Asks: 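Next up is a structure, given as structure tokens.
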There are 2 protein chains.
Amino acid sequence: MAKRSDTGEAPPLGFVEHDHGACRAAALAHARAVCVERGLKLTETRAAVLDILLESHAALGAYEVLRRLGAARGSAPQPPIAYRALDFLVANGLAHRIERLNAYVACARPGADHAGAFMICNGCGAVAEIPGEAAAKGLSRSADALGFDIARAVVEAEGSCPACRAASPESGS
Amino acid sequence: MAKRSDTGEAPPLGFVEHDHGACRAAALAHARAVCVERGLKLTETRAAVLDILLESHAALGAYEVLRRLGAARGSAPQPPIAYRALDFLVANGLAHRIERLNAYVACARPGADHAGAFMICNGCGAVAEIPGEAAAKGLSRSADALGFDIARAVVEAEGSCPACRAASPESGS
DNA sequence: CCTAGTAATGTTATGCTGTAACGGTCAAGG
DNA sequence: CCTTGACCGTTACAGCATAACATTACTAGG
């Protein structure tokens, strides 16, 4: 099963083959549109960092982003450069922080609600983003029962993606 | 109190008043029992770290644990001392790591399944542990649909506990 | 044009989080 | 006695993150 084009639900990227060039271009275009719409500036640094994250559906540590940013520029930027850009992207729903990995991924569901949940493959490092509501429904119910008011939910599953399960069957059934 | 008859399901601590001295003593006794049962050694360092975590239902960073361990001993132990003890406790279900905070809490549900979910109060720092199944059910379903095999799920909600909502009503709904 | 204000970047320095590697101690067992 | 294995002690360093301040760039108003 190579390419899927059914659009009934958002097909989660990350574990499925797709035209990544188009995926990347679309995400960048979406980011520009969002920034125009909200009066934000997608500066060169921010766009470069987003593009770095968009190179794959894996999560990158801030220092890896920083290294690639340095490589792209030919200079050696300092950590705050990367962190500020990442903070901007996360604050505006263009990227997400993966707490489990202390790392960042580009948002794979442009324009969506942005309470995503994530599946992290330990084999290949790919991260799939799925809508958070379904995953967090039970959590909301528990919170209501406790009188707890949820401001943000972190939902991250770690395991093996289909391809990695197929490659090393001993890791799961 | 809502007490289940024979499942042993406890009401979630952390946000509720309780006899914490007893809670702490019970957890320590449980830890000793678990270690005897499994042939593990609850050494002085490990017991001290567990006791430090049991001082409250808040999450503590490894270096804070380290400081308190040093205070308790009168010496100044190095990071690996704390990390090794914390790793032992986490590996054996006696404590949990809170990814969102890069910090650790004592397990509040001794003997339970150990795929907990957590609610973290931003106001007072308290952490309540709830059974993970309910919270992660939607996640499991999504994973099945994707063919993803979950090895571990991180489910952490950040927000306001009942007491803190009451104290500062502007922060909640 | 000039200027003042704001937002973003550049830079320095530092602190928190986590681990690799090696050596010492102690207990169990040949 | 000597090995083995588990744990602890220590050094050193790697990776993650931010405070604080200087500089640049854009832009709004005179």
Side-chain angles (χ1 to χ4, degrees), chain A residues 31-32 35-36 38-53 58-92 94-105 125 154 156, chain B residues 31-32 35-36 38-53 58-92 94-105 125 154 156:
Chain A
R32 293 192 197 287
C35 288
V36 167
R38 301 188 200 166
L40 303 169
K41 283 193 282 191
L42 189 65
T43 62
E44 207 167 317
T45 301
R46 291 166 177 175
V49 168
L50 179 56
D51 196 52
I52 286 165
L53 293 181
L60 293 182
Y63 277 59
E64 179 58 27
V65 169
L66 192 62
R67 268 187 290 276
R68 297 192 188 187
L69 193 56
R73 293 182 171 193
S75 69
Q78 294 301 308
I81 301 296
Y83 280 103
R84 288 196 281 236
L86 289 167
D87 288 348
F88 171 87
L89 296 172
V90 170
N92 292 289
L94 302 172
H96 302 285
R97 177 176 165 79
I98 306 297
E99 299 294 340
R100 177 76 238 261
L101 303 176
N102 293 337
Y104 303 82
V105 270
V154 174
E156 297 169 359
Chain B
R32 293 192 197 286
C35 288
V36 167
R38 301 188 201 167
L40 304 168
K41 283 194 281 190
L42 189 64
T43 62
E44 207 168 318
T45 301
R46 290 167 177 174
V49 168
L50 179 56
D51 196 52
I52 286 166
L53 293 181
L60 293 182
Y63 277 59
E64 179 58 27
V65 168
L66 193 61
R67 269 186 290 276
R68 297 192 189 187
L69 193 56
R73 293 183 171 191
S75 68
Q78 295 301 309
I81 300 297
Y83 280 103
R84 288 195 283 234
L86 289 167
D87 289 347
F88 171 87
L89 296 172
V90 169
N92 292 288
L94 302 172
H96 301 286
R97 177 177 165 79
I98 306 297
E99 300 294 340
R100 177 75 237 260
L101 304 176
N102 292 338
Y104 302 82
V105 271
V154 173
E156 296 169 359

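All figures in this text were calculated on a predicted structure; none of them were measured in a lab. First the proteins, then the strands, lettered A, B, ... as listed; each starts at 1.
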Asks: Tell me, which pairs form a salt bridge (Lys or Arg N to Asp or Glu O under 4.0 Å) where one or both residues lie in residues 38-47 of chain B, sequence neighbours left out?
Replies: none

Asks: Calculate the interatomic distance between Q78(A) atom CD and dA8(C) atom P; express it in whole Å.
Replies: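 For the pair Q78(A) CD and dA8(C) P, the rounded distance is 20 Å.
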
Asks: Given the rule that a pair is Watson-Crick or G-U wobble with both distances under 3.5 Å, how would you write DNA chain C in dot-bracket, using | for pairs to a different strand?
Replies: ||||||||||||||||||||||||||||||

Asks: Take the protein atom CD1 of I81(A) and the nucleotide atom P of dT11(C), then report the distance between them rounded to whole Å.
Replies: 8 Å

Asks: How close do T45(B) and A85(B) get, counting heavy atoms only, and between which atoms?
Replies: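 Closest approach of T45(B) to A85(B), heavy atoms only: CG2-CB, 4.2 Å.
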
Asks: For dA17(D) and Y83(A) - does any side-chain N or O of the residue sit under 4.0 Å from the phosphate oxygens OP1/OP2?
Replies: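 True: Y83(A) side-chain N/O within range (under 4.0 Å) of dA17(D) OP1/OP2.
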
Asks: Kindly indicate whether the side chain of R84(B) and the base of dG18(C) share any N or O donor-acceptor pair separated by less than 3.5 Å?
Replies: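 In this structure, the two groups form no donor-acceptor pair.
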
Asks: Whole Å only: how far is the CG atom of L66(A) from the C1' atom of dT11(C)?
Replies: 13 Å

Asks: Side-chain N or O of Y104(A) versus OP1/OP2 of dA17(D): is the shortest distance under 4.0 Å?
Replies: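 Y104(A) to dA17(D) OP1/OP2: side-chain N or O found under 4.0 Å.
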
Asks: Starting from P on dT17(C), measure out to CZ on R100(A) and report it in whole angstrom.
Replies: 16 Å

Asks: Give a yes/no answer on whether the side chain of T43(A) brings an N or O atom under 4.0 Å of OP1 or OP2 in dA7(C).
Replies: no

Asks: Which pair of non-hydrogen atoms, one from Y104(A) and one from L53(A), has the smallest distance, and what is that distance?
Replies: O-CD2, 3.6 Å

Asks: Rounded to whole angstroms, how far apart are CG on L101(B) and P on dA17(D)?
Replies: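 It works out to 13 Å between those atoms.
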
Asks: According to a strict under-4.0 Å criterion, is R73(B) in side-chain N/O contact with OP1 or OP2 of dG9(D)?
Replies: yes

Asks: Using every non-hydrogen atom in the two residues, find where A62(B) and A82(B) come nearest and quote the distance to one decimal.
Replies: O-CB, 4.0 Å

Asks: Whole angstrom is fine here: how far is it from CG in L40(B) over to P in dG5(D)?
Replies: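 So the two atoms are 18 Å apart, to the nearest Å.
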
Asks: Closest-nucleotide mapping onto DNA chain C: is G61(B) or K41(A) further toward the 5' terminus? I mean the 5' end.
Replies: K41(A)

Asks: With salt bridge (Lys or Arg N to Asp or Glu O under 4.0 Å) as the rule and sequence neighbours excluded, what pairs involving residues 59-81 of chain B come up?
Replies: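 For residues 59-81 of chain B, and leaving out neighbouring residues, the salt bridge (Lys or Arg N to Asp or Glu O under 4.0 Å) pairs sorted by first residue read E55(B)-R68(B), E64(B)-R67(B), E64(B)-R68(B).
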
Asks: Taking the side chain of N102(A) as its heavy atoms from C-beta onward, which of dT19(C), dC16(D), dT9(C) lies nearest to it?
Replies: dC16(D)

Asks: Between dG15(C) atom C1' and R67(B) atom CZ, what is the distance in whole Å?
Replies: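 It is 11 Å, rounded to the nearest whole Å.
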
Asks: Kindly say whether E99(B) contributes a backbone atom to a donor-acceptor pair with the side chain of E156(B) at under 3.5 angstrom?
Replies: yes

Asks: Looking at CG of L40(B) and CG of L94(B), how far apart are the two atoms once the value is rounded to the nearest 0.5 Å?
Replies: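 Here the rounded value is 8.5 Å.
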
Asks: Rounded to the nearest angstrom, tell me the gap between atom CG in L86(A) and atom P in dA17(D).
Replies: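 Taking CG of L86(A) and P of dA17(D), I get 9 Å after rounding.
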
Asks: Under 4.0 Å between any heavy atoms, over every strand shown, what does R97(A) touch: base, sugar-phosphate, or nothing? Just pick one.
Replies: sugar-phosphate

Asks: Using a 4.0 Å heavy-atom cut-off across all strands, classify P77(B) as base, sugar-phosphate, or nothing.
Replies: nothing

Asks: Between dT10(D), dC7(D), dC16(D), which nucleotide gets closest to the side-chain atoms of P80(B)?
Replies: dT10(D)

Asks: Identify whether any heavy atom of F88(B) sits under 4.0 Å from a base atom; if not, whether one sits that close to sugar-phosphate; answer base, sugar-phosphate or nothing.
Replies: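 It contacts nothing in the nucleic acid.
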
Asks: Which is true for R46(A) with a 4.0 Å heavy-atom rule: it touches a base, it touches only sugar-phosphate, or it touches nothing?
Replies: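 Sugar-phosphate contact only - R46(A) comes under 4.0 Å of backbone atoms but never of a base.
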
Asks: Starting the side chain at C-beta, find the nucleotide from dA17(D), dG18(C), dA20(C) nearest to Y63(B).
Replies: dG18(C)

Asks: If I take atom CZ from residue R84(A) and atom CD from residue Q78(A), how far apart are they, to the nearest 0.5 angstrom?
Replies: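 Here the rounded value is 10.5 Å.
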
